[in-house]
Amino acid sequence: ASLRAYGVISLFDGVSSVIRTLKQKLKRPPTAAILAENDEKLRALVCAEYGFRADQKWGYTQDGAACLYVKDVHQLIANDCKILREAVTAFPEMKWFIVGGSPCQDLTFAGPSQGILGLVGAQSRLFFVLLCVIRTMQVLAGVSCVRYLVENAGSMKAYHLQAFCKLLGLCSKDTNSFIWDLLKYTPYISRKRNFFRNFDDCEPMQPISDFFH
């Protein structure tokens, strides 16, 4: 069902597909969006494609959504989470979606530390910024008004997976529910990803091979 008003917070925003996806699913654009991407080259491409302001000031998207696009995720928790507090004040009684895929280099065997450093590594500890944003929004807007989707590498070590669950307040007994294995949907890609979330409703995924018949 569509929401009357909702907001989006996307950390490590990448190609900025979150707004487009939610707009398609919920049949309306967000009322407000806060985006953060540390890669300056990627930010430039996204700004050119979607018309976001590159000066880190509030503006409006083509759909009329109030939008702030910052170049460092740390800015979202700076000054006692000033940006988040201002957003909740400006847009009260609104549902929020928080999406983020923090760096995985220190969590996997393929990384330079072969997964030993984990969440204390220089890259992967950025997860704690995402965690702080989630918890702050739960306090400011209410737990029931916040849905989050946290993505990371499916090849992380088991004890790191347990740590993610513990820190996010999720049950760690059935961790298989967080693992998305592309092999179930296509024989062409074998990559696994973890999608940690605080909601259980989902839609069945159609196998990619079905599109070729």
Side-chain angles (χ1 to χ4, degrees), residues 1-37 46 50-53 56-70 72-102 126-152 164-171 174 177-178 180 193-205:
S2 62
L3 295 177
R4 190 169 68 179
Y6 70 94
V8 178
I9 302 176
S10 177
L11 288 77
F12 316 101
D13 187 56
V15 296
S16 205
S17 61
V18 173
I19 291 180
R20 184 172 66 251
T21 300
L22 285 172
K23 177 184 174 181
Q24 292 174 346
K25 297 299 296 183
L26 299 176
K27 311 303 181 185
R28 62 176 299 139
T31 301
I34 301 173
L35 314 174
E37 174 54 58
V46 170
Y50 295 104
F52 299 152
R53 291 186 62 160
Q56 301 186 96
K57 294 182 180 180
W58 283 94
Y60 289 93
T61 67
Q62 295 177 348
D63 291 320
C67 181
L68 176 66
Y69 191 27
V70 301
D72 187 344
V73 295
H74 290 93
Q75 292 187 30
L76 301 186
I77 60 173
N79 300 318
D80 194 24
C81 300
K82 181 181 178 182
I83 289 176
L84 303 180
R85 289 188 287 108
E86 290 178 343
V88 174
T89 300
F91 305 99
E93 299 181 5
M94 196 162 70
K95 308 293 185 181
W96 289 90
F97 293 93
I98 303 175
V99 180
S102 52
L126 287 171
F127 162 76
F128 290 103
V129 177
L130 175 54
L131 182 66
C132 184
V133 169
I134 292 171
R135 182 54 184 156
T136 299
M137 291 302 292
Q138 288 177 330
V139 171
L140 294 174
V143 173
S144 63
C145 293
V146 176
R147 282 195 171 197
Y148 65 76
L149 180 65
V150 174
E151 180 269 345
N152 215 288
F164 269 73
C165 292
K166 182 73 173 181
L167 291 165
L168 289 166
L170 301 172
C171 177
D174 182 21
S177 63
F178 303 130
W180 192 50
R193 307 301 293 175
N194 288 328
F195 288 94
F196 305 93
R197 59 196 184 278
N198 64 334
F199 56 93
D200 293 325
D201 53 310
C202 59
E203 297 180 4
M205 175 67 72

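Computed from a prediction, not measured in an experiment: that's the story for all the values here. In this chain, numbering begins with 1 at the start of the sequence shown.
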*To the nearest 0.5 Å, what is the distance between CD (Gln75) and SG (Cys81)?*
12.5 Å
*Do you know the tightest heavy-atom contact between Arg53 and Tyr69?*
O-CB, 3.9 Å
*Heavy-atom pair with the smallest gap, counting every atom of Arg197 and Leu149*: CB-CD1, 4.1 Å
*asked:* I'd like to check Ile9 versus Leu84 (side-chain heavy atoms, cut-off strictly below 4.5 Å). Are they in contact?
replied: yes
_Interatomic spacing from CD1 in Ile134 to CG in Leu168 - rounded to 0.5 Å_ = 5.5 Å
*Return yes if some donor-acceptor pair links the side-chain N/O of Asp72 with the main-chain N/O of His74 below 3.5 Å, else return no.*
yes
*Is the OH atom of Tyr60 crowded by more than 12 outside heavy atoms at less than 6.0 Å?*
no
_Test item: side-chain donor near acceptor, Arg28 and Tyr6, under 3.5 Å_ = no
*Do Leu35 and Cys67 come close enough that some side-chain heavy atom pair is under 4.5 Å?*
yes
_Could you check whether any side-chain heavy atom of Glu37 comes within less than 4.5 Å of a side-chain heavy atom of Val46, counting everything from C-beta outward?_
no
*Supply the atom-to-atom distance Asn194 CG to Glu151 CD, rounded to the nearest 0.5 angstrom.*
8.5 Å
_Measuring only between side-chain heavy atoms, which start at C-beta, is Val146 closer than 4.5 Å to Ile98?_
yes
*Quick one: CZ on Phe199 to OH on Tyr148, what's the gap to the nearest 0.5 Å?*
9.5 Å
_Side-chain heavy atoms of Ile34 within contact of Val70, under 4.5 Å_ = no
*So, does Arg85 use its side chain to make a donor-acceptor pair with the main chain of Asp80 at under 3.5 Å?*
yes
*Does a side-chain heavy-atom distance below 4.5 Å link Ser16 with Ser10?*
no
_Close side-chain approach of Phe127 and Val150, heavy atoms under 4.5 Å_ = yes
*Give me the ring orientation class for Phe196 and Phe178: parallel if the planes are under 30° apart, tilted from 30 to 60°, perpendicular past 60°.*
tilted
*Taking all non-hydrogen atoms of both residues into account, name the closest pair between Leu126 and Val73 and its distance.*
CD2-CG2, 4.3 Å
_Lys23 NZ to Thr21 OG1 distance, which is reported to the nearest 0.5 Å_ = 11.5 Å
*asked:* Show the nearest heavy-atom pair for residues Leu131 and Leu167, with the distance to one decimal.
replied: CD1-O, 3.4 Å
*asked:* Please find the pair of heavy atoms, one from Asn152 and one from Ser102, that lie closest to each other, and give the distance.
replied: ND2-O, 3.1 Å
*For Pro30 and Ala65, which heavy atoms make the closest approach, and how far apart are they?*
O-CB, 3.1 Å
*asked:* Assess the residue pair Phe97 and Leu26 against the criterion (side-chain contact (heavy atoms from CB on, under 4.5 Å)); give the C-alpha distance rounded to whole Å, side-chain angles, the decisive distance to 0.1 Å, and a yes or no.
replied: CA-CA 12 Å; Phe97 293 93; Leu26 299 176; 3.8 Å; yes
